[in-house]
Amino acid sequence: MYEKFFDWAFAIGKDIIEKSVCGKDRGKDYVKRLIFDIRAEESPGRFLNKLSQRLGEYKTNTNIQAPVSLLPEIFQSKSRWNGDEFYYLKSAILTGLLNALSSSEKG
């Protein structure tokens, strides 16, 4: 179940870095900023709010224009993100973003 969230986070991280109009270096900075912003959130509501705000900014800001979209399943299932389930979700998303960042630095 969490593999889907990891795959989604990895894909948006790669898209921010490789397909944004801001270029790869700025794209890496934006992924780092996203990781920094969401990792500190300790409640599901605040985590999802920060995630959607940041991705919305990256999508609509004319200087970034990242081709990202939100995974509806994350937001439609908010009632189940309690306790360990929330931390599994958060870990899957953070790991996907971190791996996207790491894979872009190798190439």
Side-chain angles (χ1 to χ4, degrees):
M1 175 168 85
Y2 296 98
E3 183 178 334
K4 181 177 187 175
F5 303 126
F6 170 86
D7 291 343
W8 169 77
F10 182 79
I12 64 163
K14 294 292 283 185
D15 286 348
I16 292 169
I17 294 168
E18 296 177 359
K19 297 180 180 175
S20 298
V21 298
C22 60
K24 286 187 177 185
D25 289 338
R26 298 287 305 202
K28 290 177 188 175
D29 291 341
Y30 289 125
V31 171
K32 290 176 185 174
R33 182 173 161 197
L34 176 60
I35 291 169
F36 181 79
D37 282 353
I38 64 173
R39 74 178 180 189
E41 299 299 343
E42 292 295 324
S43 74
R46 293 176 65 112
F47 176 80
L48 295 176
N49 182 49
K50 184 66 81 173
L51 179 66
S52 66
Q53 280 183 344
R54 190 62 65 206
L55 291 179
E57 176 191 345
Y58 292 176
K59 177 82 172 180
T60 59
N61 186 317
T62 56
N63 293 324
I64 304 171
Q65 296 182 12
V68 296
S69 61
L70 296 169
L71 189 63
E73 194 173 325
I74 295 173
F75 296 93
Q76 293 168 346
S77 304
K78 66 180 181 183
S79 63
R80 86 171 181 222
W81 304 132
N82 294 314
D84 285 346
E85 298 291 323
F86 167 64
Y87 288 104
Y88 290 136
L89 170 70
K90 182 177 174 180
S91 296
I93 292 172
L94 287 170
T95 304
L97 292 170
L98 184 63
N99 282 6
L101 186 62
S102 297
S103 69
S104 71
E105 291 176 352
K106 293 176 184 173

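As the structure is a prediction and not an experimental result, all values here were calculated from the model.
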Task: Pairwise side-chain contact, Leu94 with Ile35, heavy-atom cut-off 4.5 Å (strictly under) - done: yes
Open item on the list: Is the shortest side-chain heavy-atom distance between Ile17 and Tyr30 below 4.5 Å?
Closed with: no
Open item on the list: Please find the pair of heavy atoms, one from Ala92 and one from Tyr2, that lie closest to each other, and give the distance.
Closed with: CB-O, 3.7 Å
Open item on the list: I need the Leu55 CG to Ile12 CD1 distance, nearest 0.5 Å.
Closed with: 4.5 Å
Open item on the list: Can you confirm whether Arg26 is buried at CZ, in the sense that more than 12 heavy atoms of other residues, nucleotides or ligands lie under 6.0 Å from that atom?
Closed with: no
- [ ] Using atom types as modelled and distance alone, determine if a side-chain donor or acceptor of Gln65 lies under 3.5 Å from a backbone N or O of Thr62.
- [x] yes
- [ ] Check step by step if side-chain contact (heavy atoms from CB on, under 4.5 Å) holds for Tyr58 and Gln53.
- [x] CA-CA 9 Å; Tyr58 292 176; Gln53 280 183 344; over 6 Å; no
Task: Nearest-0.5 Å distance, CG of residue Leu51 to CZ of residue Arg46 - done: 14.5 Å
Task: Basic-acidic side-chain contact under 4.0 Å: Lys90, Glu85 - done: no
- [ ] Kindly indicate whether the side chain of Thr95, heavy atoms from C-beta on, has any atom under 4.5 Å from the side chain of Phe10.
- [x] no
- [ ] Kindly compute the distance separating CG (Leu89) from CE (Met1), expressed to the nearest 0.5 Å.
- [x] 8.5 Å
Open item on the list: Can you tell me how the ring of Phe86 sits relative to the ring of Phe47, calling it parallel under 30°, perpendicular over 60° and tilted otherwise?
Closed with: perpendicular
- [ ] Please report the closest heavy-atom contact between Gly27 and Cys22, naming both atoms and the distance.
- [x] N-SG, 3.7 Å
Open item on the list: Quick check for you: to the nearest 0.5 Å, what is the distance between Leu34 atom CG and Leu97 atom CG?
Closed with: 5.0 Å
Open item on the list: For the backbone of Ala66 and the side chain of Lys19, can you confirm whether one donor and one acceptor N or O come within less than 3.5 Å of each other?
Closed with: no
Open item on the list: For the residue pair Glu42 / Tyr87, report whether a side-chain donor-acceptor contact shorter than 3.5 Å exists.
Closed with: yes
TODO: Answer yes when Glu18 and Lys24 have at least one side-chain N-carboxylate O distance shorter than 4.0 Å, and no when they do not.
DONE: no
Open item on the list: Tell me whether Lys50 is salt-bridged to Asp37, with the criterion being a basic N under 4.0 Å from an acidic carboxylate O.
Closed with: no
Task: Check: Ile64 and Ser20 side chains under 4.5 Å, non-hydrogen atoms - done: yes
Task: Nearest heavy-atom neighbours spanning Leu70 and Pro72 - done: O-CD, 3.2 Å
Open item on the list: Can you give me the closest heavy-atom contact between Trp81 and Ile74, atom names plus distance?
Closed with: NE1-O, 2.9 Å
Open item on the list: Membership question, hydrophobic clusters at under 4.5 Å side-chain separation (ILVMFWY): are Val68 and Val21 in the same one?
Closed with: no
Task: Close side-chain approach of Leu48 to Phe75, heavy-atom, < 4.5 Å - done: yes
- [ ] Please round to the nearest 0.5 Å and tell me the distance separating atom CD1 of Ile93 and atom CZ of Arg39.
- [x] 15.5 Å
Task: Side chain to side chain, Arg54 and Ile38, heavy atoms closer than 4.5 Å - done: no
Open item on the list: Under a 3.5 Å distance rule, please check whether Ser52 uses its side chain to pair with a backbone N or O of Asn49 as donor and acceptor.
Closed with: yes
